[in-house]
There are 2 protein chains.
Amino acid sequence: MSTPGRGLHGHVLDTLGPAITAGEYPPGSVLRTDELAQRFDVSRSVMREAVRVLESMHLVASRRRVGVTVLPQSEWNVYDPQVIRWRLAGADRPRQLRSLTVLRSAVEPAAAGLAAKHATPEQCSELTECALGMVANSRGHRLEEYLFHDVAFHRVILNASGNEMFARLGDVVAEVLAGRTHHEVMFEDPDPAAVTLHVQVAEAVREGDAERAERLTREITVGALHELDILAP
Amino acid sequence: MSTPGRGLHGHVLDTLGPAITAGEYPPGSVLRTDELAQRFDVSRSVMREAVRVLESMHLVASRRRVGVTVLPQSEWNVYDPQVIRWRLAGADRPRQLRSLTVLRSAVEPAAAGLAAKHATPEQCSELTECALGMVANSRGHRLEEYLFHDVAFHRVILNASGNEMFARLGDVVAEVLAGRTHHEVMFEDPDPAAVTLHVQVAEAVREGDAERAERLTREITVGALHELDILAP
DNA sequence: GGATCCAAAAAGTCAGACTTATATGTCACA
DNA sequence: TGTGACATATAAGTCTGACTTTTTGGATCC
């Protein structure tokens with residue numbers, strides 16, 4: 001997916017991270033560095049590096065004479081892309097998808113409004129191109145092609161907002177959209193209404209109509225939330 | 001502030017992190033682990049742990065035969081609380097405050113709307129208490145006391161939304177509010193209109209009026225944005 | 001000029017010895 | 001019986017030095 005096999009400590013993280021975020025070790029569980037090092041067949045130095053990374057994500061806390069304690073979910077850095085990926089790969093994927101979708105529905109309309117004010121001509125073109133790509137692939141079960149343009153569309157909006165915090169949510173949105181296509185029930189072609197809305201958002205941004213861009217994007221995200229309610233009520 | 005002196009590698013991070021986020025090492029700069037270890041007078045193992053943490057924040061990338069490369073700002077995990085703190089402590093604090101305030105103005109109204117639906121009686125009480133605390137300290141230059149209740153108020157809203165992603169922005173909001181009080185020009189007492197709005201939001205949440213809670217909270221955040229425009233146009 | 005090979009450089013890994021903080025149990029004393 | 005001081009064991013933290021692996025850049029050769 002992202003950066004696989006960036007050393008031994010990376011391999012350890014790929015195993016330990018998902019295990020912790022999946023709740024395999026309940027909060028308060030204590031792990032010992034030496035034992036983990038043995039289990040993963042790596043040296044203590046490598047294991048320590050892995051623990052440091054988990055610590056920086058606030059998944060664990062390391063204390064002398066105690067060990068490596070697993071922290072409660074409320075402490076986790078849930079905005080860390082790595083943590084998001086681990087959790088989306090795990091058991092409570094539905095819960096995770098929902099909370100991310102709620103976040104989207106707060107952020108994306110605001111981003112679209114700003115994009116209408118700040119988008120460069122290039123970004124406007126890209127946006128139109130993405131919307132057209134969505135239209136072109138909205139029928140005939142071309143789900144992957146549709147997804148590709150959908151993700152690109154939302155990335156452009158977030159980037160064009162000019163706000164760094166918004167822009168960095170591009171990966172999150174991509175994960176959510178991909179998750180919807182790949183894991184949820186999706187036999188049918190995308191909702192034609194949603195496709196139209198994307199085209200209209202591109203229009204509004206091009207015309208600099210912030211209010212309209214925001215309102216239309218809100219309709220898109222409300223639709224996404226509604227979809228979740230239908231699939232997992 | 002948070003977890004000072006959690007070992008030697010923590011001290012290294014406290015120096016290197018702010019230096020990198022402050023742009024002291026331009027993107028593409030190459031550092032060598034051994035040299036850094038010497039500079040900070042720590043062993044290579046400790047230095048490696050620090051580098052691993054910076055790497056997990058996507059501030060740097062470590063490659064064999066090359067060294068530790070500083071990544072461009074666009075790669076940074078800007079939602080990492082540690083990174084946020086480092087950047088707020090640095091030179092582009094104003095920019096950072098602005099982008100965080102824009103984020104707030106997208107998220108908090110939505111959170112308030114959800115809070116109106118999901119807040120427990122306890123949370124409603126807390127909210128009212130906070131609002132009253134703000135009123136009580138809104139005059140006579142009791143800025144610290146006012147800030148305390150203001151932060152608590154917004155934390156309760158975010159938590160009561162029931163959305164984990166929103167809830168985890170409590171620390172960010174706290175930093176922004178604290179930053180405004182401590183570093184921006186703020187001779188005068190808080191805007192009475194803002195105080196009233198907080199009281200009204202507490203009311204709306206208590207009454208379960210989501211639409212009103214959202215609208216009032218939007219007014220608060222619009223005010224915060226407007227304030228920034230006046231101070232740093 | 002281009003493909004191939006070589007050597008240096010820096011990160012990566014490992015093993016072992018030592019240090020330090022601290023939770024916990026022990027024991028004396030009240 | 002409870003309480004405080006003290007000893008001890010434990011696990012993280014640190015350091016060092018040797019070795020491995022990957023990769024870059026240049027030298028060499030065709």
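Keep in mind that this is a model prediction, so the values were computed, not measured. Here is the naming used below: chain letters follow the sequence lines, and residue numbers restart at 1 for every chain.
- When the P atom of D/dC15 is taken as reference, atom CZ of B/Phe40 falls 14 Å away, rounded to whole Å.
- Between C/dA10, D/dG13, C/dC14, one nucleotide has an atom nearer to the side chain of A/Val42 than all others, and that is C/dC14.
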Q: Take B/Tyr25 and B/Leu31 through the test side chain to side chain contact (heavy atoms under 4.5 Å, CB included) and record every step on the way to the result.
A: CA-CA 9 Å; B/Tyr25 305 92; B/Leu31 312 170; 3.7 Å; yes
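- When heavy atoms are screened at a 4.0 angstrom cut-off, A/Thr33 is found touching the sugar-phosphate backbone but no base atom.
- One interatomic measurement links the two molecules: CZ of A/Arg6 to C1' of D/dT21, which rounds to 18 Å at whole-angstrom precision.
- For A/Arg52 and D/dG13, the shortest distance from a side-chain N or O to OP1 or OP2 is below 4.0 Å.
- For the pair A/Arg63 CZ and D/dA11 C1', the interatomic distance rounds to 12 Å; values are reported in whole Å.
- Taking atom CG on A/Leu36 and atom C1' on D/dA12, their separation rounds to 13 Å, with Å as the unit.
- The pair B/Arg6-A/Glu55 does not meet the salt-bridge criterion, since no charged nitrogen lies less than 4.0 angstrom from a carboxylate oxygen.
- What you find for B/Ser74 and A/Arg168 is that their closest heavy atoms are O-NH1, 2.9 Å.
- A salt bridge is absent between A/Arg85 and A/Asp14: the closest approach of a Lys/Arg side-chain nitrogen to an acidic carboxylate oxygen does not fall below 4.0 angstrom.
- Residue B/Arg64 places no side-chain atom within donor-acceptor reach of the base of D/dT23, judged by atom type and a 3.5 Å distance cut-off alone.
- Rounded to an integer number of Å, the gap from B/Gln38 CD to C/dA10 C1' is 14 Å.
- The side chain of A/Arg65 lies closest to C/dT22, out of C/dA11, C/dT22, D/dC15.
- Side-chain atoms of A/Arg44 come within donor-acceptor range of the base of D/dT14, with a qualifying N/O pair under 3.5 Å.
- Using a 4.0 Å heavy-atom distance criterion, A/Ser45 is classed as a base contact.
- At a threshold of 4.0 angstrom between heavy atoms, the contacts of A/Val51 with the nucleic acid are absent.
- Salt bridge status for B/Glu164 with A/Arg95: absent, with no side-chain N to carboxylate O gap under 4.0 Å.
- Taking every side-chain heavy atom of B/Ser43 into account, D/dT14 is the closest of C/dG12, C/dA10, D/dT14.
- Atom NE2 of B/His9 is separated from atom P of C/dT20 by 19 Å (rounded to the nearest Å).
- In this entry the distance linking CG of A/Asp41 with P of C/dA15 reads 9 Å, nearest Å.
- Atom NE2 of B/His11 and atom C1' of D/dT14 are 16 Å apart (whole Å).
- Closest contact between the side chain of B/Glu49 and the listed nucleotides C/dA15, C/dG12, D/dT14 involves D/dT14.
- Each of A/Leu8 and A/Val66 has a nearest nucleotide on DNA chain C; the 5'-most of these lies closest to A/Leu8.
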